[in-house]
Amino acid sequence: FNRAIHCGKLFFDQTNSGQIQHVILSSSERIAAHLITAHDMISALFMLAAYLLIMLIISWKITLVLVFVFPFIHHSGDWLVSRIKESSRTLAKAREAMNSHVTNVITGIQLVKAYSSESWEQARFEALIGALDRHQSEIDKKSTLVRPIQEGLFLLMLLTLLFGLAFTAGGNRADFVPGLLIFVYLARRASISIMLLGRFQSTMAAIEGPMTEALHLLRQDGKFPVPDGRLRFIGLQAGIRFHRLSFSFPGKPRVIREVSFFAEKGKMTAIVGPSGAGKTTLFNLLMGFYDPPPGTIF
């Protein structure tokens, strides 16, 4: 909110108010709600370290084999995670479109009533919220698949390991079984910790869209801040002079060209012209909402 209110007026001219409201209220809330799961990741890291330490004591050779396999299990859902990120960005755009639509309809309700377009606006809203629901379902389905894939790969790896140990244990198989059972149990617990890390990764992917929106608002570029003046205004002395003032909005034709006049103090000066001639822009430049070219307003 603090970042938004310090942006220049040009930023608000080019950005839908519903979108800004959505980023400030909804996106930040969604990011915060998902980041709460970070404590699960920290806990999982500590538990994984403890499990690996005990497994090394039981059998450092088998543990080294698993250490090489665990990263493969952890990254087995990377393809799904990348798809979740893509869906999250699409969902963020759909949510932004819905919020913008609601804001536009409510703020322009007189126009809606004048054209009797309530049914059309309702149909458009239903289409937007339907798209939102589909994108959210896609994220939920992909997120749900990450853990079963990782569990399936771990069980396959564990079965392969057990078969290998059964044939290589030799004569001391009876002495080896208790340690092996403990090792298998710890390996299972370690895999759960790895899956928690994977779930955190998919959670971060799910907030890719809101995070992108929030970072876009926080970035400096494209915000058009107007710098504060360095001189104290002590009051109007003789009047306001516009001297060969020209102004254009970014990427658009010039709206004010070589305007010069003097508005004398204590008298009324009328600025007359058709709609779009630049009267409001002239006033916004005088108020300092837009940054005028140097040496044009005195």
Linked, directly or transitively: [X] and [Y] (ILVMFWY side chains, under 4.5 Å):
{"X": "Ile54", "Y": "Met47", "value": "yes"}
{"X": "Ile106", "Y": "Phe125", "value": "yes"}
{"X": "Phe298", "Y": "Leu236", "value": "no"}
{"X": "Val23", "Y": "Leu132", "value": "no"}
{"X": "Leu215", "Y": "Phe1", "value": "no"}

What are the two closest heavy atoms between [X] and [Y], and how far apart are they?
{"X": "Ile58", "Y": "Leu186", "answer": "CD1-CD1, 4.1 Å"}
{"X": "Ile24", "Y": "Ala4", "answer": "CD1-CB, 4.0 Å"}
{"X": "Pro292", "Y": "Ile297", "answer": "CB-CD1, 4.0 Å"}
{"X": "Ser143", "Y": "Ile84", "answer": "OG-CD1, 3.6 Å"}
{"X": "Ser100", "Y": "Asn16", "answer": "OG-OD1, 3.4 Å"}
{"X": "His243", "Y": "Ser260", "answer": "C-OG, 3.7 Å"}

Roughly how far apart are [X] [atom1] and [Y] [atom2], rounded to 0.5 Å?
{"X": "Tyr290", "Y": "Ile256", "atom1": "OH", "atom2": "CD1", "result": "9.5 Å"}
{"X": "Glu264", "Y": "Ile240", "atom1": "CD", "atom2": "CD1", "result": "12.0 Å"}
{"X": "Glu208", "Y": "Glu86", "atom1": "CD", "atom2": "CD", "result": "11.0 Å"}
{"X": "Arg124", "Y": "Met98", "atom1": "CZ", "atom2": "CE", "result": "12.5 Å"}
{"X": "Ile57", "Y": "Ile182", "atom1": "CD1", "atom2": "CD1", "result": "11.5 Å"}
{"X": "Arg30", "Y": "Ile207", "atom1": "CZ", "atom2": "CD1", "result": "9.0 Å"}

Distance-only, no hydrogens or angles: does the [X] side chain make a donor-acceptor pair with backbone N or O of [Y] under 3.5 Å?
{"X": "Lys279", "Y": "Pro274", "value": "yes"}
{"X": "Gln237", "Y": "Gly235", "value": "yes"}
{"X": "Thr203", "Y": "His34", "value": "no"}
{"X": "Thr296", "Y": "Arg244", "value": "no"}
{"X": "Ser248", "Y": "Arg254", "value": "no"}
{"X": "Thr15", "Y": "Phe12", "value": "no"}
{"X": "Arg3", "Y": "Leu218", "value": "yes"}
{"X": "His22", "Y": "Ala97", "value": "no"}
{"X": "Asp133", "Y": "Ile129", "value": "no"}

Within a strict 4.5 Å, meaning less than it, do heavy atoms of the [X] and [Y] side chains meet?
{"X": "Asn99", "Y": "Gln19", "answer": "no"}
{"X": "Leu245", "Y": "Leu282", "answer": "yes"}
{"X": "Phe247", "Y": "Val259", "answer": "no"}
{"X": "Ser88", "Y": "Pro210", "answer": "yes"}

Requested in this report: Output, in order, the C-alpha distance, side-chain angles, deciding distance and verdict of side chain to side chain contact (heavy atoms under 4.5 Å, CB included) for Lys85 and Met204.
Outcome: CA-CA 8 Å; Lys85 285 184 179 180; Met204 291 302 294; over 6 Å; no
Should the heavy atoms of other residues, nucleotides or ligands under 6.0 Å from [atom1] of [X] be counted, would the total exceed 12?
{"X": "Phe249", "atom1": "CZ", "answer": "yes"}
{"X": "Gln110", "atom1": "CD", "answer": "no"}
{"X": "Glu29", "atom1": "CD", "answer": "no"}

Report task. Just say parallel, tilted or perpendicular for the rings of Phe283 and Phe289, cut-offs at 30° and 60°. Result ->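 Rings of Phe283 and Phe289: perpendicular, over 60°.
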Query raised in the report: In terms of ring plane angle, is the pair Phe242 and Phe261 parallel, tilted or perpendicular, where the classes change at 30° and 60°?
Result: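 The arrangement is parallel - the two ring planes meet at less than 30°.
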Query - SB check Glu96 Lys93 (cutoff 4.0 Å) - result: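 Looking at Lys93 together with Glu96, the answer is no, because their closest N to O distance does not fall below 4.0 Å.
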**Report entry** Under-4.0 Å salt bridge between Arg134 and Glu138
**Finding:**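 Salt bridge between Arg134 and Glu138, a charged N being under 4.0 Å from a carboxylate O: no.
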Report task. Determine whether the side chains of Glu126 and Gln122 contain a donor N or O and an acceptor N or O closer than 3.5 Å. Result ->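 The answer is yes; a qualifying pair exists.
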Query raised in the report: Testing Gln136, Lys142, His135 for side chain to side chain donor-acceptor pair (under 3.5 Å) with Ser87, which one passes?
Result: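 Testing Ser87 for a side chain to side chain donor-acceptor pair (under 3.5 Å) against Gln136, Lys142, His135 leaves exactly one candidate, Lys142.
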Query raised in the report: Please walk me through it: do Leu128 and Val102 pass side chain to side chain contact (heavy atoms under 4.5 Å, CB included)?
Result: CA-CA 10 Å; Leu128 288 169; Val102 172; over 6 Å; no
